[in-house]
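Single-structure report; data block below.
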Amino acid sequence: MKVLVPVKRVVDANVQVRVASDHSGVDLNNVKMAINPFCEIAVEEAIRLREKGVATEVVVVSAGAKVCQEQLRTALALGADRAILVETDEELQPLAIAKLLKAVSDKEGAELTIFGKQSIDEDNGQTGQMFAALAGLAQGTFASEITIEGDKLKVIRETDTGEQTLTLNMPAVITADLRLNEPRYASLPNIMKAKKKPMDVMTPADLGVEVTTNIKTLKVEPPAERAAGIIVETVEDLVDKLKNVAKVI
Amino acid sequence: MSVLVLAEHDNNELKSATLNTVTAATEIGGDVTILVAGSGCGAVAEQAAKIAGVAKVLVADNAAYTNMLAENTAALIVELAGDYSAILAPAMTNAKGILPRVAALLDVGQISEITAVVSADTFVRPIYAGNAMATVQSSDSIKVITVRGTGFDAPSAEGGSATVEAISNATDAGVSEFVSEEVAASDRPDLTAARVVISGGRGMQNGENFKLLEAVADKLGAAIGASRAAVDAGYVANDMQVGQTGKIVAPELYIAVGISGAIQHLAGMKDSKVIVAINKDEEAPIFQVADFGLVADLFEAVPAFEALL
């Protein structure tokens, strides 16, 4: 079974982002970039499936500028077998990415595609579901556990009220939540080995996909600041403030 | 043109975030129609019809929609989509799975978790875990949007008299099947709808100590939440997580106990009206967003706080 894992290059989770002074977006100059943490969990899950003998090959794919090769190399160092970059400098929105991935998936014939549930930059949480819809496949979003049972996939999902278990026909699409696994660190020998693993580069035109943008960002602003609060000295003082100043209890 | 709102419900009860979504729909403009997809969900349709400002309720009552499986529900909405200029749903687990599918099948973009409506095609939404707010404009003929409930006031749940119409044809895509559900049983209010929320973090040390918070919650009628650290450590269940990847809450009073205030937690609660932080580390970032901070050992402060309520 071949597993396809899309990965996204995003601002590192530990970076405190700043809105650019012209309000066109956030300032990305000299900012550390990384694999989106949820995509990293997806890569880890695919590698574990291969280690268990369930999957035979793990293919990672990214869409974007040439620099996305860095994140694909990281995924290869974690243990993915080969990588595909759909290279374009155009702005990519979830629908366009889903179409590109669908075209890649048609070529690859993967039986399972594991996405991260959302990227920590745009926080859209759409691409996996859009891909599943375009491919006509079942989806298991916000997965915290997956098991392959014959030609079905059992998925436990994190929901607003607890947990839900579904079975999906294969091929299927999964989006990984935080507690699906804890990703490993890449070892130095594996980082060296990753440099020699194959990476195919293609363009949206090669895949016959026209990249369109439906949603235009007009401006980006910092969030409203909260007024500075006060430190109270005692529990009595706290209760008094909540009763008589804030009037919330 | 009118706006379609997908109801969030459990076949018995309409979830309150649906009401906030109706407000967003009203701000976009046009008649508001609510779609209730479920099975044995007649009571939900009745509740939806009473919401002030709703013109029509469509009820797809069929076994195919019992658990609002994304594949089936998205196909249903796509069939109805032609009559609407916008399709909205509360940004909860169900719609987050369904609406991107709807958008892809309609070949339009989707806009996630809006917090404000600027005009019929322009919306505000948080990006980078709420560290920036983007104003975005859609050029699509049908806008497909999930709505963050905390951004919109709820209309009156009573007084409306929408017509109720049944949809008889149903599609079961047959690719996914519901097996089971584990719902955390609780008599407390819903985290996302509660007037008061008290949350515990890693400082609670174990799940047993959350009893301290329960005592306070009993007196204040509060819901109980947790930080990701507390959930990851296994103290409490995942559905209690407040934060970027958990629930987004904006109660009148939020009490953070033993929570340091990681960015991803702040993203889930910083729109609360009044924030209280109790933490023994005076350097904890939670104090930067707190209206009232108390630097103290929670194991002494929380019982003392409860005794005074």
Side-chain angles (χ1 to χ4, degrees), chain A residues 11 16-17 19 26 93-95 98 118 120-127 129-130 132-134 137-139 141-142 144 154 157-169 177-179 214-223 226 229-232 235-236 238-239 241-242 246 248-249, chain B residues 70-71 74 92-93 96-97 100-101 103-105 108-113 122 126-140 175-184 220 232 237-239 245 247 252-253 270 273-274 276 287 289-295 301 304-305 308-309:
Chain A
V11 172
Q16 173 85 45
V17 298
V19 171
V26 303
Q93 294 181 349
L95 181 62
Q118 75 190 73
I120 61 164
D121 49 2
E122 297 289 330
D123 284 332
N124 281 315
Q126 302 170 2
T127 311
Q129 297 90 309
M130 286 182 157
L134 295 175
L137 301 178
Q139 68 186 38
T141 45
F142 322 126
S144 62
K154 190 174 95 178
R157 310 174 56 222
E158 297 200 359
T159 69
D160 293 320
T161 48
E163 282 183 351
Q164 185 189 55
T165 306
L166 303 177
T167 52
L168 312 178
N169 287 2
D177 213 321
L178 277 175
R179 283 168 279 271
N214 312 47
I215 294 158
K216 191 165 127 194
T217 298
L218 302 181
K219 63 177 174 186
V220 173
E221 293 172 305
R226 284 188 79 91
I230 57 164
I231 294 288
V232 294
V235 173
E236 288 76 14
L238 174 62
V239 172
K241 290 282 192 300
L242 291 178
V248 285
I249 59 170
Chain B
E71 300 80 9
M92 295 177 71
T93 323
K96 285 191 210 172
R101 282 189 86 102
L105 294 171
V108 300
Q110 197 237 290
I111 302 175
S112 295
E113 310 227 5
T122 304
I127 56 175
Y128 289 89
N131 285 303
M133 303 299 291
T135 302
V136 298
Q137 184 175 38
S138 163
S139 59
D140 288 315
V175 289
S176 56
E177 205 177 323
F178 173 84
V179 178
S180 63
E181 191 152 39
E182 266 187 56
V183 177
L220 293 176
D232 281 355
N238 68 278
D239 56 282
T245 63
K247 294 202 168 94
E252 281 184 41
L253 173 60
K270 68 187 165 75
K273 290 205 177 69
V274 175
V276 169
F287 287 119
V289 300
D291 298 285
F292 304 106
L294 178 64
V295 182
F305 180 68
L308 287 173
L309 294 173

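Just so we're on the same page: letters track the sequence lines, and every chain starts at 1.
- Heavy-atom pairs under 4.5 Å with chain A were tallied for A134(B), A74(B), A103(B), A237(B); the largest tally goes to A134(B).
- If you take CD on Q16(A) and CG on N131(B), they are separated by 5.0 Å, rounding to the nearest 0.5 Å.
- The number of heavy atoms from other shown groups lying within 6.0 Å of CD (E182(B)) does not exceed 12.
- Contact of V26(A) with chain B is made through the side chain alone, with heavy-atom distances under 4.5 Å.
- When heavy atoms are compared at a cutoff of 4.5 Å, V19(A) approaches chain B solely by way of its side chain, counted from C-beta outward.
- No part of P94(A) comes within reach of chain B, as not one of its non-hydrogen atoms sits under 4.5 angstrom from that chain.
- With respect to chain B, the highest number of heavy-atom pairs below 4.5 Å among V11(A), N124(A), D177(A), I249(A) belongs to N124(A).
- In terms of non-hydrogen atom pairs under 4.5 Å with chain A, the most contact-rich of L253(B), T122(B), V295(B) is L253(B).
- F178(B) pairs in a side-chain contact (heavy atoms from CB on, under 4.5 Å) with only one of the listed residues (L166(A), T165(A), T167(A)), which is L166(A).
- In this structure, chain A has a heavy atom under 4.5 Å from the side chain of L309(B), while its backbone stays farther away.
- Using a 4.5 Å cut-off between heavy atoms, E122(A) contacts chain B through both its backbone and its side chain.
- Contact count versus chain A (heavy atoms, under 4.5 Å) is highest, among V289(B), T245(B), V274(B), for T245(B).
- Residues G125(A) and P100(B) approach most closely at O-CG, 4.0 Å, considering heavy atoms.
- With Q110(B) contributing its side chain and Q126(A) its backbone, the two residues share no donor-acceptor pair below 3.5 Å.
- Shown here for V175(B) and A138(A), the closest heavy-atom pair between the two residues is O-CB, 3.5 Å.
- Taking each heavy atom of A129(B) and D123(A) in turn, the nearest pair found is N-OD2, 2.8 Å.
- The CG atom of D140(B) sits 4.0 Å away from the CG atom of N214(A) when rounded to the nearest 0.5 Å.
- Looking at L238(A), the atoms closer than 4.5 Å to chain B (heavy atoms on both sides) all sit in the side chain, from C-beta outward.
- Shown here are the salt bridge (Lys or Arg N to Asp or Glu O under 4.0 Å) partners of K219(A), two or more places apart in sequence or in another chain: E221(A).
- Closest non-hydrogen pair, R101(B) versus A132(A), comes out as NH1-CB, 3.4 Å.
- By the side-chain hydrogen bond (donor to acceptor under 3.5 Å, both in side chains) test, Q137(B) pairs with D121(B), sequence neighbours left out.
- Contact of L178(A) with chain B is made through the side chain alone, with heavy-atom distances under 4.5 Å.
- One distance of note links CD1 of I127(B) with CG of D121(A); it measures 8.0 Å at 0.5 Å rounding.
- Although no hydrogens or angles enter the test, the distance criterion places a donor-acceptor pair under 3.5 Å between the side chain of E71(B) and the main chain of Q139(A).
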Subject >> T141(A) vs K96(B), side-chain contact (heavy atoms from CB on, under 4.5 Å): CA-CA, chis, key distance, verdict >> reply: CA-CA 9 Å; T141(A) 45; K96(B) 285 191 210 172; over 6 Å; no

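- With hydrogens and angles disregarded, no donor-acceptor distance shorter than 3.5 Å links the side chain of S138(B) to the backbone of I215(A).
- Taking the side chain as every heavy atom from C-beta outward, F305(B) and L242(A) approach each other to under 4.5 Å.
- Here the shortest heavy-atom pairing between T93(B) and E158(A) reads CG2-O, 3.7 Å.
- Nearest heavy-atom pair across K270(B) and P223(A) is NZ-CB, 3.9 Å.
- The residue among T217(A), V232(A), T127(A), L168(A) with the most heavy atom pairs within less than 4.5 Å of chain B is V232(A).
- Side chains of I120(A) and Y128(B) form no contact here, defined as non-hydrogen atoms less than 4.5 Å apart.
- Considering only heavy atoms from C-beta on, L294(B) comes within 4.5 Å of V235(A) through its side chain.
- Taking chain A as the reference chain and counting heavy-atom pairs below 4.5 Å, the highest number among V183(B), L220(B), V276(B), V136(B) is found for V136(B).
- Residue E181(B) holds its CD atom at 9.0 Å from CZ of R157(A), rounded to the nearest 0.5 Å.
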